Peer 1: 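This structure is in structure tokens; I'll ask about it shortly.
Every chain is numbered from 1, with letters handed out A, B, ... down the list of sequences. In this text the structure is predicted, and so the values were computed from the model without any measurement.
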Number of protein chains: 2
Amino acid sequence: MADDKRRAILYATLCLLSERGFHGFSMKQLAERAGVAAGTIYLYFRDKEDLIRQLYQDIISEVARRVFVDHDTSLPLYEQYRRMMLNLWTFHLECPEIMLSKVQFDSMPPDLLFGQRGKEMAVLLDQRDDVLDVFKPMMELYQRGRDSGELKPFSDEMLSALCIDPVCALAREHYLGLLHINEEQLSAVIDATWDAIRWHPQPTVNPV
Amino acid sequence: MADDKRRAILYATLCLLSERGFHGFSMKQLAERAGVAAGTIYLYFRDKEDLIRQLYQDIISEVARRVFVDHDTSLPLYEQYRRMMLNLWTFHLECPEIMLSKVQFDSMPPDLLFGQRGKEMAVLLDQRDDVLDVFKPMMELYQRGRDSGELKPFSDEMLSALCIDPVCALAREHYLGLLHINEEQLSAVIDATWDAIRWHPQPTVNPV
DNA sequence: CTAAAATGAACGAATGTTCATTTTTGTGTG
DNA sequence: CACACAAAAATGAACATTCGTTCATTTTAG
């Protein structure tokens, strides 16, 4: 009945966003891609920004669901980490539109993605926390690693930049055909990012 | 005389591109920001795409100039690497517009940045090679590292994803105020990226 | 006074959004 | 089962703006 039109519009938005960017596609193009009339979009979404906002919420929770699908806190940290990174890789290749849209979301003003521009600040902050809450398993892994001395004493953001960003970047280039990464290489890359964040007993200096 | 208008237009383009994206600003806004009339832009650039193309060439060579400003092949690899990363960090904080525009360029169709859409393929490939040529010192560092066994046997693209992407990502978040990184932390991050790409004598496994 | 540089009003096309109209859906009645 | 009919859902032409680009005109420089 009704909700699958909403889904169709959201998916078409995802595709166009990843292809053309937020200002790069028109509502008429979106309507055509989704197989609905232009006016129909406004039955489900207030305006173009609201559309992006709802899409963002959708994607965030979907990514988290997939990355932590086989999450198991009883495993050693390295094993937990490896699973997450493999899930991240697989998910990115299965849903390249989501992977490609990440860049677009990153380059948007934050108040477009969260809360309603100037209205109740509390709601805004709550929504923002909710989004981050979805990735709690990752943050808990970081915390346990820092506490046990297995990981370097970096902040969550620094650790993420060292391990998640490279994998996302490589998945993107792999999908675009700029390079090819087989299973063995992927394994080596995950180990390399683990090398980046894990605490090394001996100091990192130039071995001359 | 004439060329400083061209520079003003290019700089205004850079600013607006980093703030709003390619489709996110109009030629009228650009004219106002650059302090010229709308028609003047078309004296120096064929159209909006040509403007972006010329800006891209400009930026690429400027980045390379700054990152390799004190390049010295006689130094140990680690020291060369550290210098490049420090230069990259400094440059990004001094020219945040360039740093922020990187994401925009990355998400553009390649034929917008290189060559003239369908005309002479040879020219297109040449220009592409020229762009990559600018970063030759980095590629040579990779090659020497692989040859000597100091670095992991990864492709240039894989190594770049492991060391350049994290530093760029952190510089961006630092500039946007999402986190703060002091000199000591920056040094530790550079070492962490070096850990990611350098060859480790003992195998990377979970120490249980 | 001439040639080059710069201007900004004006162009047709395209933008995001609205709303009067049409189509579909769900339900009660003969 | 057929039909009527009101409510809900969907439509797409029309709206005022704004877009990238042009070019007749004005300003500047030598």
Peer 1: For the backbone of Thr73(A) and the side chain of Arg144(A), can you confirm whether one donor and one acceptor N or O come within less than 3.5 Å of each other?
Peer 2: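 Present.
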Peer 1: Please report the distance, rounded to the nearest Å, between CD1 in Ile9(A) and C1' in dA9(D).
Peer 2: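 Rounded to the whole Å, the gap is 12 Å.
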Peer 1: Just the rounded figure in Å: distance from P of dG20(D) to CZ of Phe45(B).
Peer 2: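 Taking CZ of Phe45(B) and P of dG20(D), I get 15 Å after rounding.
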Peer 1: Rounded to whole angstrom units, what separation is found between the NZ atom of Lys5(B) and the P atom of dT27(D)?
Peer 2: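 Rounded to whole Å, this separation is 15 Å.
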Peer 1: For residues Gln143(A) and Arg146(A), is any side-chain donor paired with an opposing acceptor at under 3.5 Å?
Peer 2: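 Yes, because at least one side-chain N or O of Gln143(A) sits under 3.5 Å from a partner of the opposite role on Arg146(A).
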Peer 1: Let me confirm one number: the CH2-CD distance from Trp89(A) to Glu183(A), rounded to the nearest 0.5 Å.
Peer 2: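 Taking CH2 in Trp89(A) and CD in Glu183(A), the distance rounds to 11.0 Å.
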Peer 1: Starting at CG of Asp3(A) and ending at P of dA8(D), how long is that distance when rounded to a whole Å?
Peer 2: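 That distance rounds to 18 Å.
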Peer 1: CD1 of Ile41(B) versus C1' of dA5(C): gap in Å, rounded?
Peer 2: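 From Ile41(B) CD1 to dA5(C) C1': 15 Å.
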Peer 1: Listing time: all N or O pairs from protein to nucleotides 14-17 of chain C that are below 3.5 Å?
Peer 2:
{"from": "dG16(C)", "atom 1": "OP1", "to": "Phe25(A)", "atom 2": "O", "distance (Å)": "3.3"}
{"from": "dG16(C)", "atom 1": "OP1", "to": "Lys48(A)", "atom 2": "NZ", "distance (Å)": "2.7"}
{"from": "dG16(C)", "atom 1": "OP2", "to": "Met27(A)", "atom 2": "N", "distance (Å)": "2.7"}
{"from": "dT17(C)", "atom 1": "OP2", "to": "Tyr42(A)", "atom 2": "OH", "distance (Å)": "2.7"}
{"from": "dT17(C)", "atom 1": "OP2", "to": "Lys48(A)", "atom 2": "N", "distance (Å)": "3.2"}
{"from": "dT17(C)", "atom 1": "O5'", "to": "Tyr42(A)", "atom 2": "OH", "distance (Å)": "3.3"}

Peer 1: For a quick check under 3.5 Å, do Arg82(A) and Tyr78(A) share a side-chain donor-acceptor pair by atom type?
Peer 2: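 There is such a pair (donor and acceptor under 3.5 Å, judged by atom type) between the side chains of Arg82(A) and Tyr78(A).
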Peer 1: Within 45 degrees of the axis of the six-membered ring of Phe25(B) and under 6.0 Å from its centre: does Lys48(B) put its NZ or CZ there?
Peer 2: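 Yes, Lys48(B) and Phe25(B) form such a contact.
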Peer 1: Using atom CG of Asp50(B) as one end and atom C1' of dG20(D) as the other, report the distance to the nearest whole Å.
Peer 2: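 Asp50(B) atom CG is separated from dG20(D) atom C1' by 14 Å.
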Peer 1: Distance check needed: dT18(C) P versus Leu43(A) CG, whole Å only.
Peer 2: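 My rounded result for the distance is 11 Å.
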Peer 1: Return the 5'-most residue of the pair Ala37(B), Gly39(A) with respect to DNA chain C, ranking by each residue's nearest nucleotide.
Peer 2: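 The residue mapped nearer the 5' terminus is Ala37(B).
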Peer 1: Nearest whole angstrom, please: distance from the P of dA4(C) to the OH of Tyr44(B).
Peer 2: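 Going from Tyr44(B) (OH) to dA4(C) (P), I get 14 Å.
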Peer 1: Classify the side-chain pair Tyr44(B)/Asp50(B) by whether it contains a donor and acceptor separated by less than 3.5 Å.
Peer 2: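 There is no such pair between these side chains.
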